[in-house]
Amino acid sequence: MAIQKIRKNSVPDPRLRFDPQSLGLKQFSREFFLLDTTHIARAIIGAWFCRRRDNQWYGARIVETEAYLGSTDAAAHSFRGRRTPRVEPMYMEGGHLYVFFVYGMHCCANMVTKPAGIAEAVLLRAAEGPETAPVKLLSGPGKLCAALGINVAHSGLDLLADADVRLFQSRVEDAKIGISKRIGVDYAGDAAAWPLRFFDMDSDAVSGPLKLRTPK
DNA sequence: CACATGATCGCCT
DNA sequence: GGCGATCATGTGG
């Protein structure tokens with residue numbers, strides 16, 4: 001049925017066809033992914049998250065992210081150094097992908113950051129497809145994965161070694177980036193209020209309640 | 001728009 | 001056994 005399709009889907013929505021190479025976009029370097037996690041979360045707003053399947057490229061422009069700060073962040077899966085098979089990719093060197101399954105039906109994708117051994121990451125919360133795609137198609141972490149066909153089988157992939165999943169540079173003016181607390185982590189005590197969510201204030205694809213969409 | 005709820009299941013205690 | 005780094009739908013203002 002439809003729901004099962006969403007969970008196991010690895011096929012990108014055809015409306016996301018997009019060739020990053022033809023536009024001359026450049027990939028982020030390994031060094032970039034080793035920088036400060038919060039900086040990276042802000043810096044990849046506007047970047048193109050791309051994937052190749054059957055020799056066809058697909059992609060979407062990131063408009064919303066959240067930073068997860070590892071062992072000291074109660075909202076992070078790696079809080080207090082928790083190290084289980086699921087979370088293991090978070091401990092890899094920056095530039096790897098960490099994908100997890102939640103609520104029995106959705107996947108969420110993260111860019112792992114910092115040197116190996118430090119389990120921090122940036123959650124991709126929303127993106128905009130090319131003109132041909134509906135504005136809300138990737139509005140939310142689960143929808144973003146569903147539309148691009150990203151699932152747990154992609155967890156642990158190296159964006160700088162695996163030719164089929166990549167992140168390309170493209171920036172949004174700092175003045176147009178909004179900041180707020182993170183969504184869906186109210187159980188995390190003090191960490192729930194940390195200002196670690198970043199979004200493109202001009203985008204209609206940003207997810208979450210309207211009241212978190214204004215502040216800066 | 002805000003808020004509530006059900007769906008659905010792998011992960012961790 | 002309980003509970004999510006969610007989403008779609010339904011209700012009421």
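Throughout, a chain's letter reflects where its sequence line sits, starting with A, and its residues are numbered from 1. Every heavy atom of this structure was used, including side-chain atoms; hydrogens, water molecules and symmetry mates were not.
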Return the value, rounded to whole Å, for the distance between atom OH of A:Tyr68 and atom P of C:dA5. 8 Å

Length of the CE-P vector between A:Met105 and B:dT5, whole Å: 16 Å

Would one find a side-chain N or O of A:Tyr98 under 4.0 angstrom from OP1 or OP2 of C:dA5? no

Looking at C:dC7, which nucleotide sits across from it as a Watson-Crick or G-U wobble partner, both distances under 3.5 angstrom, or is there none? B:dG6

Could you work out which one of B:dG10, C:dA5, B:dC1 sits closest to the side chain of A:Val185? C:dA5

Closest to side chain of A:Phe101, choosing from B:dG10, C:dA5, B:dC12: B:dG10

Can you find a pair of side-chain heavy atoms, one from A:Leu35 and one from A:Thr113, that are under 4.5 Å apart? no

Classify A:Leu123 by what it touches in the nucleic acid, base, sugar-phosphate, or nothing, heavy-atom distance under 4.0 Å. base

Non-hydrogen side-chain atoms of A:Leu138 and A:Leu148 separated by less than 4.5 Å: yes

As a test of reading the structure: which of C:dT6, B:dA7, B:dC1 is closest to the side chain of A:Leu210, going by heavy atoms? B:dC1

Looking only at side-chain atoms of A:Pro141, point me to the closest of B:dA2, C:dC7, B:dC11. C:dC7

ring-ring contact (aromatic ring centres under 6.0 Å, His included) for A:Phe100 and A:His77? Distances and angles first, verdict last. CA-CA 10 Å; A:Phe100 62 92; A:His77 290 164; 4.5 Å; yes

Scan side-chain atoms only and decide if A:Ser207 and A:Arg125 contain a donor-acceptor pair under the 3.5 Å cut-off. yes

With a non-hydrogen cut-off below 4.0 angstrom, is A:Arg82 in contact with a base, only sugar-phosphate, or nothing? sugar-phosphate

Separation of B:dC9 C1' from A:Phe100 CZ (nearest whole Å): 14 Å

Side chain of A:Arg86: nearest nucleotide among C:dT6, B:dC12, B:dC1? B:dC12

To the nearest angstrom, the OH-P distance between A:Tyr103 and C:dG2 comes to 17 Å

May I have the distance from A:Glu88 (atom CD) to B:dC12 (atom P), rounded to whole angstrom? 11 Å

Verify the contact: side-chain N or O of A:Arg125 to OP1 or OP2 of C:dT6, cut-off strictly under 4.0 Å; return yes or no. yes

Check every atom of B:dG10, C:dC7, B:dC12 against the side chain of A:Thr84 and return the nucleotide holding the closest atom. B:dC12

Tell me whether the guanidinium CZ or amine NZ of A:Arg30 lies under 6.0 angstrom from the six-membered ring centre of A:Phe32 and within 45° of its axis. no

Quickly work out the A:His106 NE2 to C:dA5 P distance and round it to whole Å. 13 Å

Let me know the distance between CG of A:Asn110 and C1' of C:dA5, rounded to the nearest Å. 8 Å

Can you tell me the distance, in whole Å, between the CD1 atom of A:Ile183 and the P atom of C:dT6? 8 Å

